[in-house]
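Written below as structure tokens is the structure these notes are about.
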Amino acid sequence: MIQKKSVKVHRLCVVGAGHVGLVAAACFAELGHKVICVDNNRKRINSLRKEIMPFYEPEMEALVKKNLKRGTLIFSASLDGAIKESDVIFAAVGTPPLDDGSADLTSVENVARAVARNLDGYKLVVSKSTVPVQTGQRAKETIHRYRKNNAEFDVASNPEFLREGKAIYDFFYPDRIVIGVETKRAETILKEIYTTIDAPVVVTDINTAELIKHASNSFLATKISFINAVSRVCDLAGADVGKVALAMGLDKRIGKEFLNAGTGYGGFCFPKDLEAFIYISKKLGYDFRLLKEVQNINDGQRRYFVEKIKEHLWILKGKKIAVLGLSFKPDTDDMRFAPSITIIDILLKGGAKLSLYDPQAKGEAEEIFKEKRVKFVKNPYEAVKRADCVCFLTEWQEFKDLNFKRIKRAMAYPLVADGRNMFDKEELHGLGFEYIGMGR
Ligand code: UDX
């Protein structure tokens with residue numbers, strides 16, 4: 001994709017073929033490195049070998065196919081084999097939340113132990129997963145404890161800032177590359193790996209690199225909750241949060257990104273990372289109350305959205321509601337912590353009859369709602385037939401292109417509940433719709 005400078009080819013192993021791992025493996029291969037992507041899910045590895053992607057991410061399939069063909073990328077289910085063949089091991093394994101809010105680091109420890117078993121010469125072990133501060137230190141101790149010889153190694157942290165749906169673009173055009181290292185040797189290798197990418201490189205110690213990831217995600221979530229709180233005041237005061245955000249964002253110190261009010265953030269990163277940051281801060285001795293409030297505001301947005309619908313429809317029981325957009329954001333089929341899950345739950349508890357549609361997330365959603373009384377339909381127009389309200393929960397382009405005259409004709413009562421502030425309120429009023437936005 002970008003080949004301005006010549007590449008010193010490294011033999012890389014990426015452990016984990018999830019969102020972070022698979023994208024990183026395909027992109028490293030595209031940069032010219034020899035990459036083995038390994039995962040203990042054999043079914044996933046076999047499918048990938050047949051060029052079948054485990055999830056939807058724009059441009060990924062083409063990149064995987066291209067690099068499989070040119071031999072820069074291979075998939076394997078053998079962790080030990082892959083580590084033996086590689087000089088640099090990137091851990092991109094899952095760190096799911098435990099009940100107490102801490103991150104489950106079992107998979108990170110497994111990678112460290114596998115490296116220790118297969119250490120036969122210098123290897124660099126890099127964490128790409130989002131891990132609590134001091135995890136690198138623990139990984140280093142683990143390798144020391146279990147290694148069979150005195151072969152040298154380094155550990156490093158290279159946190160990933162990829163957004164789902166834009167992950168390939170973010171990999172090649174990042175705002176910054178963060179490298180947490182303890183030795184010059186590790187720093188040089190990581191810089192060589194990324195040499196063709198044009199971005200500022202922040203070199204730091206490992207603890208700091210780990211903290212940068214949590215601090216960045218938590219700050220972005222804080223921005224979203226801040227504007228959502230402002231949107232509540234806007235509703236009360238009769239002001240327009242869209243304009244407030246626009247004017248605020250023009251101040252360079254604030255910046256215009258992540259100021260869209262709505263039903264709040266979802267996805268696997270923000271909710272999980274916030275929880276983990278609160279937990280680790282507490283463990284270290286700091287009560288991060290600001291972030292707890294960020295979570296409260298976010299949870300509240302889902303309930304508030306349904307309250308607004310109830311205000312219009314009066315009684316939810318027996319009302320038909322079309323829910324368009326189920327994934328936590330557009331261009332992904334990911335449903336993890338999606339606002340739609342909570343909103344659908346509250347609507348069902350109120351007795352509403354729901355018909356659901358999403359351009360990509362139907363498979364995931366069917367699994368999540370399999371016990372619930374919901375109906376999946378093939379397109380938005382079918383969903384809105386005789387509906388008393390249509391909710392938009394994800395700002396897919398497909399919805400922006402809808403024919404609203406046709407929608408109005410099909411509905412029993414023309415009420416649009418816009419959970420993402422994605423439509424022009426005046427235009428919809430002009431077409432005869434009632435409109436619910438968030439803070440406008
Ligand atoms: C995020 C970070 O952006 C990325 O750097 C990190 O590596 C992983 O977590 P992602 O979860 O893919 O990426 O989604 P992102 O595009 O950041 O959106 C997160 C959530 O916030 C979505 O639910 C989105 O709808 C919501 N959001 C975003 C808002 O509600 N308002 C906004 O203004 C922006």
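In what follows, residues are counted from 1 in the order of the sequence shown. Indexing begins at 1, ligand by ligand and atom by atom, following the structure's order.
Of all protein heavy atoms, the one lying nearest to atom 12 (O) of ligand 1 is Glu164 N, 2.6 Å. The protein atom (non-hydrogen) at minimum distance from atom 3 (O) of ligand 1 is Arg163 CG, 3.4 Å. Residue, atom and distance of the protein heavy atom nearest to atom 34 (C) of ligand 1 are Phe258 CD2, 3.5 Å. From the protein, the heavy atom lying nearest to atom 9 (O) of ligand 1 is Cys269 CB, 3.0 Å.
Taking 4.0 Å as the cut-off, Arg420 counts as a neighbour of ligand 1 on heavy-atom distance. Using a non-hydrogen distance threshold of 4.0 Å, Glu395 does not register as a contact of ligand 1. Residue-ligand proximity: Gly267 is placed with every non-hydrogen atom at 4.0 Å or more from ligand 1. Put simply, no part of Gly262 is less than 4.0 Å from ligand 1, judged by heavy atoms.
Neither the backbone nor the side chain of Thr263 has a heavy atom within less than 4.0 Å of ligand 1. Looking at Ile224 against ligand 1, only its side chain comes within 4.0 Å, counting heavy atoms. For Leu162, every heavy-atom contact with ligand 1 shorter than 4.0 Å involves the backbone, none the side chain. Looking at Lys213 against ligand 1, only its side chain comes within 4.0 Å, counting heavy atoms. The proximity of Lys329 to ligand 1, defined as any non-hydrogen pair under 4.0 Å, is limited to the side chain. Within the 4.0 Å heavy-atom criterion, neither part of Phe268 lies near ligand 1.
Donor-acceptor pairing under 3.5 Å is lacking for the side chains of Gln295 and Asn298. Side-chain contact, Asp331 with Trp396: no donor N or O sits under 3.5 Å from an acceptor N or O. Residues Asn379 and Tyr357 bring no donor and acceptor atom of their side chains to less than 3.5 Å of each other.
The aromatic rings of Phe277 and Phe288 lie tilted to each other, with the angle between the two planes from 30° to 60°. Taking the six-membered ring for Trp and thresholds of 30 and 60 degrees, His10 and His33 have ring planes inclined between 30 and 60 degrees apart. Relative orientation of the Phe392 and Phe423 rings is perpendicular, given thresholds of 30° and 60° on the angle between their planes.
Shown are Val390, Asp388, Val416; of these, the side-chain contact (heavy atoms from CB on, under 4.5 Å) with Met411 is made only by Val390.
Here the CG atom belonging to Asn41 is positioned 9.0 Å from the CG atom belonging to Leu48, to the nearest 0.5 angstrom.
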